[in-house]
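Counting from 1, the numbers follow the sequence of the chain as shown. These figures come from a predicted structure and were not determined experimentally. Heavy atoms only: backbone and side chains are in, while hydrogens, waters and symmetry mates are out.
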Amino acid sequence: MKKYDYVIVGAGLFGATFAQKAHAEGKKVLVIDKRSHIAGNIYTEEVEGINVHKYGAHIFHTDYKDVWDYINSFGEFNRYTNAPIARIGNEIYNMPFNMNTFAKIWDDVFTPKDAIRHINEEKKEITGEPQNLEEQAISLVGRTIYEKLVKGYTEKQWNRDCKDLPAFIIKRLPVRLTFDNNYFNDRYQGIPIGGYTKLVEKMLDGIEVKLNTNFFDDIEYYKEIAEYIVYTGPIDEYFNYSLGTLEWRSLKFETKVLDEENYQGNAVVNYTGHEVDYTRVIEHKHFEFGNQSKTVITFEYPADYKEGMEKYYTINDEKNNELAEKYRDLAKKEEKVIFGGRLAEYKYYDMDDVIKRAFEVSNEYLKDE
C-alpha cells in the first residue's frame, strides 16, 4: 500500500484546489513545491502592512458561481473593481475602451453614436482580411486608439513590431459604448482580504506540505510513495525536453517602498507608449483600499524568457502549439500522472479557469475511486 494517494507537485491554485478536494474526500495527500512559499504566482507578501503581489497583479474575477462560492469559503473578498488607467506621455485614458476614453480622444464625442462614427471612419483604412496585428487592431478600433493605447503596449509585451505579429493575437478588442470603467464583464470580482497567501493557507489546512522540494531531484521516489502524481510544472520539463523546448514570455519586476501615502491613485496604470520600457505600474495598497503612511509600487517589464526566470505567457504560434500537442500526447500515456494547470497544459488560464479545471480533473479521479 502506498504512503500517499496523491503527491501534488506545485502549491499554486491548481495544486491547492486538487489537494483540498482530495483531502476532503479522506485521501492522503502530500504537496511539494520547489519554491520557499505556497500559492505559486498568486503569492502575496506583507510589506509595510501592504499585501504585495510578488508575481504581478492578480485580480480575481469569474462568472462561475460554483468557483466563486468555493473560493469564498476560504476567505472573504473585498469589493475591488479593476479599472486600470492608460498613460501615454502626458495623456491619461480610461481602460478598457469606453465612452470616457472616446470623449477624451475626440472633442466632439458625447454619445455612443459619436464614438461609432469616429471608429467606423477610421476602420475604413483596412480593406480585406487583416494580415497582421496592426491591421487587425485598426480594423476593430481605428488608427487613433490603436496608436495611443494598443501599439506601444503590445510591442513591449511581445518585443516585436505589431506588423510582425499575427492578427489572431488580437482578434477582438473590447469596445464599450457606456461610461463604465470596469475592466471585466464577470459577475463576481474582488481581492481576498488579507492577501492570496492567507487564502491558499486555508485551502491547504490539514494537508502535509513540503517547500524547497524539487520533484526532479527524486522522481522515482515520489512515484514509489504515491498512487498518483498530480504534476503542475512545465510539461516539456517533465519529459526532459525530449521533443524540444516550449517557448514562453516572462516578466521582470522592480519594486520600491516609497515614503508617501499615494503614488498614482490607482492600483494599475498601463504605460502604452515607448517613452518608458515598462508596461505598467502596480500600487499594491489600492487593491485593498489601504491607508498606510507608505506605499509599495512595482514596475513591470516584459522580458524574453531565460533559464531561471518565471514562465508567464505561452507563445501561441504554430510551432509551439504543435509541440505542445505532441507533449500532451505523451502525457496521456502516463497512467499514474495527472497533468494540470497553466505550465503542465501549456495554456494561459485566468485564476477562475484554473480552479474550474481542477474541479473537473479532481472530480474525474475522485469519482472513479
Side-chain angles (χ1 to χ4, degrees), residues 6 8 10-25 27 29 31 38-44 51 53 55-84 95-96 98 171-174 176 178 180-205 207 230-232 235 267-268 287-288 312-314 316 328 338-368:
Y6 296 96
I8 297 172
L13 262 183
F14 186 97
T17 303
F18 194 107
Q20 190 278 325
K21 289 285 190 181
H23 179 68
E25 293 293 324
K27 303 301 179 183
V29 178
V31 176
I38 61 169
N41 281 5
I42 65 170
Y43 173 68
T44 49
N51 291 306
H53 297 217
Y55 299 91
H58 286 84
I59 297 115
F60 200 93
H61 58 98
T62 188
D63 261 340
Y64 304 129
K65 189 174 188 304
D66 57 343
V67 169
W68 184 245
D69 290 343
Y70 174 78
I71 205 70
N72 274 265
S73 70
F74 303 103
E76 185 181 356
F77 278 67
N78 67 19
R79 60 174 178 81
Y80 178 81
T81 298
N82 191 29
M95 296 284 284
N98 63 52
K171 272 296 182 188
R172 67 179 194 82
L173 283 168
R176 297 199 185 147
T178 60
D180 180 4
N181 296 324
N182 180 9
Y183 192 82
F184 299 120
N185 285 317
D186 294 326
R187 182 177 178 184
Y188 308 105
Q189 183 175 174
I191 301 285
I193 296 170
Y196 285 100
T197 304
K198 181 180 175 183
L199 183 84
V200 177
E201 279 176 358
K202 290 188 177 178
M203 294 175 73
L204 295 173
D205 185 40
I207 297 169
V230 178
Y231 178 76
T232 71
I235 190 170
V268 182
F287 288 128
E288 299 187 61
Y312 284 94
Y313 304 109
T314 56
N316 288 319
R328 292 185 198 113
I338 302 163
F339 293 79
R342 183 177 55 90
L343 298 171
E345 297 180 56
Y346 195 70
K347 181 176 180 180
Y348 183 81
Y349 278 118
D350 284 330
M351 288 183 284
D352 63 328
D353 290 318
V354 170
I355 294 171
K356 192 72 166 176
R357 179 67 179 143
F359 282 0
E360 294 166 358
V361 176
S362 60
N363 287 343
E364 177 186 345
Y365 279 86
L366 295 171
K367 179 182 66 179
D368 290 345

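Atom-to-atom distance recorded for Ile355:CD1 and Tyr64:OH is 11.0 Å, nearest 0.5 angstrom. Between atom CE of residue Met203 and atom CG of residue Asp205 there is a gap of 12.0 Å, rounded to the nearest 0.5 Å. Glu76 contributes atom CD, which lies 12.0 Å from atom CG of Leu199 (distance to the nearest 0.5 angstrom).
Counting heavy atoms from C-beta on, the side chains of Asp353 and Asp350 come closer than 4.5 Å. Taking 4.5 Å as the limit, some side-chain heavy atom of Asp352 sits within range of a side-chain heavy atom of Val67. Looking at heavy atoms from C-beta onward, Leu343 lies out of side-chain contact with Tyr349 at the 4.5 angstrom threshold. Ile59 is not listed as a side-chain neighbour of Met351, based on a closest heavy-atom distance of 4.5 Å or more. You'll find the side chain of Phe339 reaches within 4.5 Å of the side chain of Ile235, heavy atoms only. The side-chain heavy atoms of Thr314 and Lys347, taken from C-beta on, include no pair separated by under 4.5 Å.
With sequence neighbours left out, Phe287 forms a ring-ring contact (aromatic ring centres under 6.0 Å, His included) with His53, Tyr80. Glu360 is linked by a side-chain hydrogen bond (donor to acceptor under 3.5 Å, both in side chains) to Arg357, counting only residues two or more places apart in sequence or in another chain. Taking Tyr313 as the reference, Tyr348 meet the ring-ring contact (aromatic ring centres under 6.0 Å, His included) condition, with sequence neighbours excluded. Every residue two or more places apart in sequence or in another chain that forms a side chain to side chain contact (heavy atoms under 4.5 Å, CB included) with Lys198 is listed here: Lys202.
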Fill in: Residues Tyr312, Asn41; criterion side chain to side chain contact (heavy atoms under 4.5 Å, CB included); working and verdict
CA-CA 9 Å; Tyr312 284 94; Asn41 281 5; 3.7 Å; yes
Worksheet entry | Verdict with reasoning, Tyr6 to Leu366, per side chain to side chain contact (heavy atoms under 4.5 Å, CB included) | CA-CA 11 Å; Tyr6 296 96; Leu366 295 171; 3.8 Å; yes
Worksheet entry | Trace of the side chain to side chain contact (heavy atoms under 4.5 Å, CB included) decision for Tyr55 with Tyr43 | CA-CA 7 Å; Tyr55 299 91; Tyr43 173 68; 4.0 Å; yes
What side-chain donor-acceptor pairs closer than 3.5 Å can you find for residues 184-194, not counting sequence neighbours?
residue: Asn185; atom: OD1; partner: Arg176; partner atom: NH2; Å: 3.2
residue: Asp186; atom: OD2; partner: His61; partner atom: ND1; Å: 2.5
residue: Gln189; atom: OE1; partner: Asn82; partner atom: N; Å: 2.6
residue: Gln189; atom: NE2; partner: Asn182; partner atom: OD1; Å: 3.2

Could you list the donor-acceptor pairs under 3.5 angstrom formed between side-chain atoms of residues 14-25 and any protein atom two or more places apart in sequence or on another chain?
residue: Thr17; atom: OG1; partner: Leu13; partner atom: O; Å: 2.7
residue: Gln20; atom: OE1; partner: Tyr70; partner atom: OH; Å: 2.8

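Under a 4.0 Å N-O distance rule, the pair Lys356/Asp66 qualifies as a salt bridge.
Using modelled atom types and a 3.5 Å distance limit, the side chains of Asn51 and Thr44 yield no donor-acceptor pair.
Across every non-hydrogen atom of Thr232 and Gly10, the tightest pair is OG1-CA, 3.4 Å. Closest of all the heavy-atom pairs between Val200 and Ala39 is CG2-CB, 3.8 Å. Nearest heavy-atom pair, Ser362 versus Ala358, reported as atom, atom and distance to 0.1 Å: OG-O, 2.7 Å. What you find for Tyr365 and Ile338 is that their closest heavy atoms are CZ-CG1, 3.5 Å.
Sparse packing is recorded around OH of Tyr183, with 12 or fewer heavy atoms of other residues, nucleotides or ligands lying under 6.0 Å away.
Aromatic ring centroids of Phe60 and Phe77 lie under 6.0 Å apart.
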